[in-house]
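In this text, all values refer to a predicted model and were calculated from it rather than measured experimentally. All values below were derived from every heavy atom in this structure, side-chain atoms included, with hydrogens, water molecules and symmetry-related copies excluded.
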Amino acid sequence: QVQLVESGGGLVQPGGSLRLSCAASGSTLGYHAIGWFRQAPGKEREGVSCINSSDGSVDYAASVKGRFTISEDNAVNMVYLQMNSLKPDDTAVYYCAADPDLYCSGGIWATDFTSWGQGTQVTVSS
């Protein structure tokens, strides 16, 4: 099972940008689906974006489409989430997740993923 570690969170002003990184070890991401999720206090975990390593196809939640970009570098087993035009509503703990048997299409659901990182806090505030 792949191990995942997120980094890159922090405090940013509204309208600012952050890039989150997800480092994978223990297995290559070759044919995995890798997702980014977030969870704000008192709210359910929400799927933000997903990338299919097999063909590079991506999916985004409507709330972040046009602002966030997911990408991967298979050579170094890394997945990234570039977040632009950040809003206070984007404040949450962000998690990356992976699954070797999943193909993301038509929705990003936490229950579909078997490996999870520990999360990184993103706070958008002035």
Does the pair Val93 and Thr120 meet the rule for a side-chain contact (heavy atoms from CB on, under 4.5 Å), with working shown?
CA-CA 5 Å; Val93 178; Thr120 185; 6.0 Å; no

Trace of the side-chain contact (heavy atoms from CB on, under 4.5 Å) decision for Met83 with Thr69
CA-CA 7 Å; Met83 305 187 296; Thr69 303; over 6 Å; no

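As a member of the Ile/Leu/Val/Met/Phe/Trp/Tyr network built from side-chain separations under 4.5 Å, Met78 groups with Val76, Tyr80.
Distance CD/Glu44 to CZ/Arg38: 14.0 Å, rounded to 0.5 Å. Atom CD1 in Ile108 sits 14.0 Å away from atom CZ in Arg45 (nearest 0.5 Å). Separation of atoms CG (Asn52) and OH (Tyr103) is listed at 4.5 Å; rounding is to 0.5 Å. For the atom pair NE2 of His32 and OG1 of Thr114, the computed distance is 7.0 Å after rounding to the nearest 0.5 Å. Between the CD1 atom in Ile70 and the CD atom in Gln82 there is a gap of 12.0 Å [rounded to 0.5 Å].
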Going by atom type alone, with no hydrogens or angles, which donor-acceptor pairs under 3.5 Å involve a side-chain atom of residues 2-13 and a protein atom two or more places apart or on another chain?
| from | atom 1 | to | atom 2 | distance (Å) |
| --- | --- | --- | --- | --- |
| Gln3 | NE2 | Gln1 | O | 2.7 |
| Glu6 | OE1 | Gln118 | N | 3.0 |
| Glu6 | OE1 | Gly119 | N | 2.9 |
| Glu6 | OE2 | Cys96 | N | 2.8 |
| Glu6 | OE2 | Gly119 | N | 3.3 |

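Side-chain contact annotation: Ser63 with Glu46, donor-acceptor N/O pair under 3.5 Å present.
The minimum heavy-atom distance linking Gly47 with Ala61 is given by the pair O-CB, 3.3 Å. Heavy-atom minimum distance, Ile34 versus Ser53: CD1-OG, 3.1 Å. Heavy atoms only, all atoms of each residue included: Ser85 and Ser17 are closest at N-OG, 4.4 Å.
In this structure, Val79 is not a member of the same hydrophobic cluster as Phe113, with clusters built from ILVMFWY side-chain heavy atoms closer than 4.5 Å. One hydrophobic cluster, built from ILVMFWY side chains closer than 4.5 Å, cannot hold both Trp109 and Val64; they sit in different ones. Under a hydrophobic clustering in which Ile, Leu, Val, Met, Phe, Trp and Tyr are joined whenever their side-chain heavy atoms come within less than 4.5 Å, directly or via other members, Leu102 and Trp36 fall into different clusters.
You'll find the side chain of Leu81 reaches within 4.5 Å of the side chain of Val48, heavy atoms only. Considering only heavy atoms from C-beta on, Asn84 stays 4.5 Å or farther from Phe68 through its side chain. Using a 4.5 Å cut-off on side-chain heavy atoms (C-beta onward), Asp89 and Thr91 make no contact.
Within the structure, every pair that satisfies the disulfide bond (SG atoms under 2.5 Å apart) test and touches residues 35-74, not counting sequence neighbours, is listed here: Cys50-Cys104. Residue pairs that meet the salt bridge (charged side-chain N to carboxylate O under 4.0 Å, His left out) test with at least one member in residues 96-125, sequence neighbours left out, do not exist here. Counting only residues at least two apart or in different chains, salt bridge (charged side-chain N to carboxylate O under 4.0 Å, His left out) contacts with residues 49-77 comprise Arg67-Asp90.
Tyr95 is linked by a side-chain hydrogen bond (donor to acceptor under 3.5 Å, both in side chains) to nothing, counting only residues two or more places apart in sequence or in another chain.
Centroid-to-centroid, the aromatic rings of Trp116 and Phe37 come within less than 6.0 Å.
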